[in-house]
J.: 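There's a structure below that I have some questions on.
Everything quoted here is computed from the prediction, not taken from an experiment. As a basis for the values below, the full set of heavy atoms in this structure was taken, side chains included, without hydrogen atoms, waters or symmetry mates.
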Amino acid sequence: MIVLNRFRVPDERRDLFREQAAAAMGVLQARPGLISIELVQNVDEPDLWALVHVWDEIGSYRRALQGYESKMTVVPMLSMAVDEPSAYLSPELLGENRPRGS
């Protein structure tokens, strides 16, 4: 499962954002089920960043956001993300994908 969180980060907040991202990544790296995590910057729009993380399954990702350390470090950082769906799964594993409430 891939999670892609995108962020718009003005130049004046870049250093603070990178510090917050590093702290959040440190917390997530200690969680079971994380396969990889990377902070990347868009090549065409320098204020657009993404946190790309790969998990063994959706439950691992959801559990990683629980607990005191995640609620104090990871969740505040993710709350600054662009408001859009962020979790992706291969179509073969996902099956029929229906919008919520259907």
J.: Measure the spacing between CD1 of I37 and CG of L51 and express it to the nearest 0.5 Å.
T.: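 The distance works out to 4.5 Å.
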J.: Applying ring-ring contact (aromatic ring centres under 6.0 Å, His included), which residue pairs with at least one partner in residues 65-92 are found, sequence neighbours left out?
T.: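 Sorted pair list comes back empty.
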J.: According to a hydrophobic-cluster definition based on side-chain heavy atoms being under 4.5 Å apart (Ile, Leu, Val, Met, Phe, Trp, Tyr only), do I2 and V74 belong together?
T.: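 In one cluster with I2: V74, no.
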J.: Assess whether atom CE of M72 is packed by more than 12 heavy atoms of other residues, nucleotides or ligands within 6.0 Å.
T.: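 No.
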J.: So, taking the atom named CG in L39 and the one named CZ in F7, what distance separates them when rounded to the nearest 0.5 Å?
T.: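 The distance works out to 8.0 Å.
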J.: To the nearest 0.5 Å, what is the distance between CE on M1 and NE2 on H53?
T.: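 Going from the CE atom of M1 to the NE2 atom of H53 covers 8.0 Å.
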J.: Please report, to 0.1 Å, the donor-acceptor pairs under 3.5 Å made by any side chain of residues 40-50, with sequence neighbours excluded.
T.:
residue, atom, partner, partner atom, Å
Q41, NE2, P46, O, 2.7
N42, OD1, D44, N, 2.7
N42, OD1, E45, N, 2.8
E45, OE1, R8, NH1, 2.7
E45, OE1, R8, NH2, 3.0
D47, OD1, R8, NH1, 3.0
W49, NE1, P46, O, 3.4

J.: With a 6.0 Å cut-off (strictly less than), is the heavy-atom count around CZ of R18, excluding the residue itself, greater than 12?
T.: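 No, the 6.0 Å shell around CZ holds no more than 12 heavy atoms from other groups.
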J.: Under 3.5 Å, sequence neighbours excluded: what are the donor-acceptor pairs made by side chains of residues 20-34?
T.:
residue, atom, partner, partner atom, Å
R31, NE, A64, O, 3.4
R31, NH2, S70, OG, 2.9

J.: Answer yes if W55 and L89 sit in the same cluster of Ile, Leu, Val, Met, Phe, Trp and Tyr residues linked by side chain heavy atoms under 4.5 Å apart, and no otherwise.
T.: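 W55 clusters together with L89.
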J.: So how far is it from L65 CG to K71 NZ, rounded to the nearest 0.5 Å?
T.: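 Answer rounded to 0.5 Å: 8.0 Å.
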J.: Please say yes or no: joined through hydrophobic side-chain contacts below 4.5 Å, possibly via intermediate residues, are L4 and M77 part of one cluster?
T.: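 No, because L4 and M77 fall into different hydrophobic clusters, even though each may have its own neighbours under 4.5 Å.
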